[in-house]
Amino acid sequence: MTTITSIQKSSRPTCRLTGKAFWPLFGREVSVAMGAAGEVSLAHAQGCADQLLCPAPGVEEQLLAACVQAFRDAEECQGEPVSFLFEFEGMDQPQGLEDPRNILPYLRPVELSIDREETGSFSVAAFLECAWEPELGMEWVVRDGRPLFAGYYVGLGSHCREEMYTSVWREQNYLFWAE
């Protein structure tokens, strides 16, 4: 079970509480925003955060494979190697992307978001900075142990209807591209 620490009331209008949690995949602490669309208990928030911080088997691989596909798509669209900016500037191009974990140095988690509490359902969205798309970054959404969205940040959040991730935003969802 994830431990969310440093919990405090938020001054941001987009969440009621904030905290911190350690994300083993990245080996670093990440901010956790809770309650953008309603009250969220700490126990529920921890269950939601676990969807990414202690994921079901295969979840990380699916999300990272989708990020590899997003990177390859960016390279193809530019027709040349992607330039990295800001804190990623000067990094070498990713190598060995047949192993999706090799994309990890090009992603930096910023925040996990749990919009509201729904009985019997655990859903979380993550915002990550990304080396090849510094303006948008990446957004991941996992619900009840299943990845629903991995694409450039569009602000869908953690609790949209499932068809928003799988139908309406399907073309921008690299989980489908990586199949």
Side-chain angles (χ1 to χ4, degrees), residues 1-5 7 14-71 97-104 106-130 137-179:
M1 167 79 65
T2 298
T3 301
I4 300 174
T5 61
I7 299 164
T14 57
C15 69
R16 297 175 193 271
L17 298 173
T18 60
K20 302 273 184 196
F22 184 75
W23 196 337
L25 177 65
F26 293 97
R28 64 187 299 166
E29 196 172 65
V30 63
S31 294
V32 181
M34 299 166 269
E39 295 293 327
V40 176
S41 70
L42 182 56
H44 188 80
Q46 289 180 162
C48 290
D50 278 348
Q51 302 301 298
L52 282 169
L53 305 181
C54 307
V59 169
E60 291 173 341
E61 291 75 14
Q62 289 177 47
L63 294 166
L64 293 172
C67 289
V68 167
Q69 186 59 47
F71 172 75
L97 291 180
E98 55 280 344
D99 178 355
R101 289 191 175 271
N102 289 334
I103 201 74
L104 279 170
Y106 304 88
L107 299 167
R108 292 214 179 104
V110 176
E111 183 175 79
L112 300 182
S113 175
I114 299 121
D115 295 340
R116 66 178 174 267
E117 187 165 331
E118 289 185 8
T119 304
S121 181
F122 295 97
S123 192
V124 62
F127 171 69
L128 303 99
E129 293 175 335
C130 119
M138 295 293 291
E139 182 174 18
W140 292 353
V141 177
V142 177
R143 182 173 297 152
D144 298 327
R146 189 170 58 103
L148 290 179
F149 187 82
Y152 297 119
Y153 182 79
V154 292
L156 291 172
S158 63
H159 283 79
C160 283
R161 292 182 331 271
E162 189 168 324
E163 60 267 12
M164 290 297 290
Y165 309 112
T166 60
S167 296
V168 175
W169 288 92
R170 184 180 179 95
E171 288 184 23
Q172 288 81 13
N173 191 342
Y174 285 95
L175 287 170
F176 294 107
W177 293 41
E179 291 179 338

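In this structure, E60 contributes its side chain and P55 its backbone to no donor-acceptor pair below 3.5 Å.
How far CG of L128 is from OH of Y106: 16.0 Å, rounded to the nearest 0.5 Å. The CG atom of L17 sits 9.5 Å away from the CD1 atom of I4 when rounded to the nearest 0.5 Å. Distance check, rounded to the nearest 0.5 Å: CG of D99 to CG of L97 gives 8.5 Å. Note that the CD1 atom of I114 and the OG atom of S158 stand 7.0 Å from one another [nearest 0.5 Å]. Remark: S167 OG to N173 CG distance equals 10.0 Å, nearest 0.5 Å. E139 contributes atom CD, which lies 13.5 Å from atom OH of Y152 (distance to the nearest 0.5 angstrom).
Residues V40 and R16 form no side-chain contact, since every pair of their non-hydrogen atoms from C-beta on lies 4.5 Å or further apart. Two residues are said to be in side-chain contact when any heavy atoms from C-beta on lie closer than 4.5 Å; R101 and E61 meet this criterion. L63 is listed as a side-chain neighbour of V142, based on a closest heavy-atom distance under 4.5 Å. You'll find the side chain of L112 reaches within 4.5 Å of the side chain of L53, heavy atoms only.
Residues L107 and C130 approach most closely at CD2-CB, 3.8 Å, considering heavy atoms. Shown here for L156 and C160, the closest heavy-atom pair between the two residues is O-SG, 3.0 Å. When all heavy atoms are compared, the tightest approach of A56 to G145 is CB-O, 4.0 Å. Here the closest non-hydrogen pair linking I103 and C67 is CG2-CB, 4.3 Å. Taking each heavy atom of A150 and M138 in turn, the nearest pair found is C-CE, 4.3 Å. Nearest approach of K20 to S31, heavy atoms of both residues: NZ-OG, 3.2 Å.
Below 30°, between 30° and 60°, or above 60°: for F122 and H44 the angle between ring planes is below 30°, a parallel geometry. Ring geometry, F149 versus Y165: the interplanar angle falls from 30° to 60°, so the pair is classed tilted. Between W177 and Y174, the two ring planes are tilted [angle within 30° to 60°].
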Evaluate T166 against F176 for side chain to side chain contact (heavy atoms under 4.5 Å, CB included), listing each step before the verdict. CA-CA 8 Å; T166 60; F176 294 107; 3.9 Å; yes
R143 and E118: salt bridge (charged side-chain N to carboxylate O under 4.0 Å, His left out), yes or no, with the steps? CA-CA 11 Å; R143 182 173 297 152; E118 289 185 8; 5.9 Å; no
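Heavy-atom neighbours of E171 CD from other residues, nucleotides or ligands within 6.0 Å: at or below the threshold of 12.
Taking the salt bridge (charged side-chain N to carboxylate O under 4.0 Å, His left out) definition, one finds that R108 meets it with E87, sequence neighbours left out. Taking H159 as the reference, nothing meets the ring-ring contact (aromatic ring centres under 6.0 Å, His included) condition, with sequence neighbours excluded.
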